[in-house]
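No hydrogens, no waters, no symmetry mates; every other heavy atom, side chains included, goes into these values. Computed from a predicted model, the values in this text were never measured in an experiment.
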Amino acid sequence: MRIPILKLHDCLLISIQWELDDQTALQFQEDLLNKIHETSANGVVIDLTSIDFIDSFIAKVLGDVIGMSKLMGAKVVLTGIQPAVAITLVELGISLNDVLTALDLEKGLEKLQQELGD
């Protein structure tokens, strides 16, 4: 099952609505990077509100997606991080340096627009 990636102006919006398995996570990584390349998106908002927990592989893929997106010139905002997800990311040492966060998708989009100077 593929995760929908929506384009809004020069940004991409992703709301992950179900727990990720390894294959879906890798497909999401590939789809997002291709979409950044195709659209020349300057920003990405990834909403994790519906994700209650993640395992070590999914956490690594998420960290990789953020790093790769930044390498391609897109600022990333993570929104809706649940407590268990935050704990897992920190315990696994997943580096989210310079990653913007917000409580919800709306605030994340506002923060991204501020960062991009719109």
Side-chain angles (χ1 to χ4, degrees):
M1 188 175 237
R2 285 198 156 152
I3 297 169
I5 301 172
L6 307 174
K7 183 177 184 305
L8 180 64
H9 306 294
D10 59 348
C11 299
L12 300 176
L13 304 176
I14 300 104
S15 181
I16 301 174
Q17 296 295 312
W18 58 87
E19 301 300 328
L20 297 175
D21 58 52
D22 294 356
Q23 184 60 37
T24 303
L26 290 172
Q27 185 65 57
F28 166 64
Q29 175 178 295
E30 184 177 331
D31 290 348
L32 178 57
L33 297 176
N34 285 331
K35 194 76 157 184
I36 291 170
H37 178 72
E38 290 168 11
T39 64
S40 300
N42 294 325
V44 177
V45 178
I46 302 173
D47 182 47
L48 302 173
T49 301
S50 297
I51 304 297
D52 293 326
F53 63 91
I54 57 174
D55 64 22
S56 59
F57 182 77
I58 303 301
K60 181 192 178 314
V61 170
L62 183 60
D64 291 349
V65 163
I66 292 165
M68 291 173 191
S69 297
K70 288 166 60 174
L71 281 173
M72 293 181 72
K75 291 189 181 282
V76 178
V77 178
L78 287 180
T79 65
I81 298 174
Q82 300 297 324
V85 173
I87 290 167
T88 301
L89 291 170
V90 170
E91 286 179 348
L92 293 173
I94 303 298
S95 176
L96 297 177
N97 296 337
D98 303 322
V99 176
L100 301 170
T101 59
L103 291 176
D104 59 37
L105 188 57
E106 182 179 3
K107 288 184 174 85
L109 189 55
E110 288 172 9
K111 187 173 276 196
L112 184 58
Q113 294 299 322
Q114 289 173 353
E115 282 293 310
L116 295 176
D118 293 348

Item to check | Minimum side-chain heavy-atom gap Leu105-Leu109 below 4.5 Å | outcome: no
Checklist outcome for this item: Value for CD1 (Ile14) from CD1 (Ile3), rounded to nearest 0.5 Å, stands at 8.5 Å
Checklist outcome for this item: Residues at least two apart in sequence or cross-chain that pass side-chain contact (heavy atoms from CB on, under 4.5 Å) with Val90, listed by chain then number, are none
Item to check | Qualifying salt bridge (Lys or Arg N to Asp or Glu O under 4.0 Å) pairs, either residue in residues 46-67, two or more places apart | outcome: Lys60-Asp64
Next on the checklist: Under the rule for side-chain contact (heavy atoms from CB on, under 4.5 Å), what residues qualify as partners of Leu92, not counting sequence neighbours?
Outcome noted: Ser56, Ala59, Thr88, Ile94
Item to check | Side chain to side chain, Gln82 and Phe53, heavy atoms closer than 4.5 Å | outcome: no
Checklist entry - In this structure, are over 12 heavy atoms from other groups packed under 6.0 Å from Phe57 atom CZ? => result yes
Next on the checklist: Please list all pairs meeting salt bridge (Lys or Arg N to Asp or Glu O under 4.0 Å) that have one or both residues in residues 23-45, counting only residues at least two apart or in different chains.
Outcome noted: Arg2-Asp31
Checklist entry - Can you name the residues that form a salt bridge (Lys or Arg N to Asp or Glu O under 4.0 Å) with Lys111, not counting sequence neighbours? => result none
Checklist entry - Which heavy atom of Ser50 sits nearest a heavy atom of Ile16, and at what distance? => result CB-O, 3.5 Å
Checklist outcome for this item: With Leu48 as partner, the option from Leu62, Thr101, Thr79 fulfilling side chain to side chain contact (heavy atoms under 4.5 Å, CB included) is Leu62
Checklist entry - In Å, rounded to the nearest 0.5 Å, how long is the span from CG of Asn42 to CG of Asp10? => result 4.5 Å
Checklist entry - Minimum heavy-atom separation for Leu112 to Val44, with atom names? => result CD2-N, 3.7 Å
Next on the checklist: So Leu32 and Ser69, do their side chains get closer than 4.5 Å, heavy atoms only?
Outcome noted: yes
Checklist outcome for this item: Tightest non-hydrogen contact, residues Ala74 and Ala41, listed as CB-O, 3.8 Å
Checklist entry - Is the closest side-chain heavy-atom distance between Ile54 and Leu89 below 4.5 Å? => result yes
Checklist entry - Do you know which two heavy atoms are closest between Ile46 and Phe28, and how far apart they sit? => result CD1-CZ, 4.3 Å
Checklist entry - In Å, rounded to the nearest 0.5 Å, how long is the span from CD of Gln29 to CG of Asn34? => result 10.5 Å
Checklist entry - For the residue pair Ile58 and Ala25, what are the closest heavy atoms and their distance? => result CD1-CB, 3.5 Å
Item to check | Enclosure of Leu8 CG (heavy-atom neighbours >12, cutoff 6.0 Å) | outcome: yes
Next on the checklist: Tell me whether Lys7 contacts the main-chain N or O of His9 through its side chain, where contact means a donor paired with an acceptor under 3.5 Å.
Outcome noted: yes
Checklist outcome for this item: In short, Leu116 meets Cys11 closest at the heavy-atom pair CD1-SG, 3.8 Å
Checklist entry - Got a sec, which pairs hit salt bridge (Lys or Arg N to Asp or Glu O under 4.0 Å) with one end in residues 99-109, sequence neighbours left out? => result Asp104-Lys107
Checklist outcome for this item: For residues 72-96, the salt bridge (Lys or Arg N to Asp or Glu O under 4.0 Å) pairs (sequence neighbours left out) are Lys75-Glu115
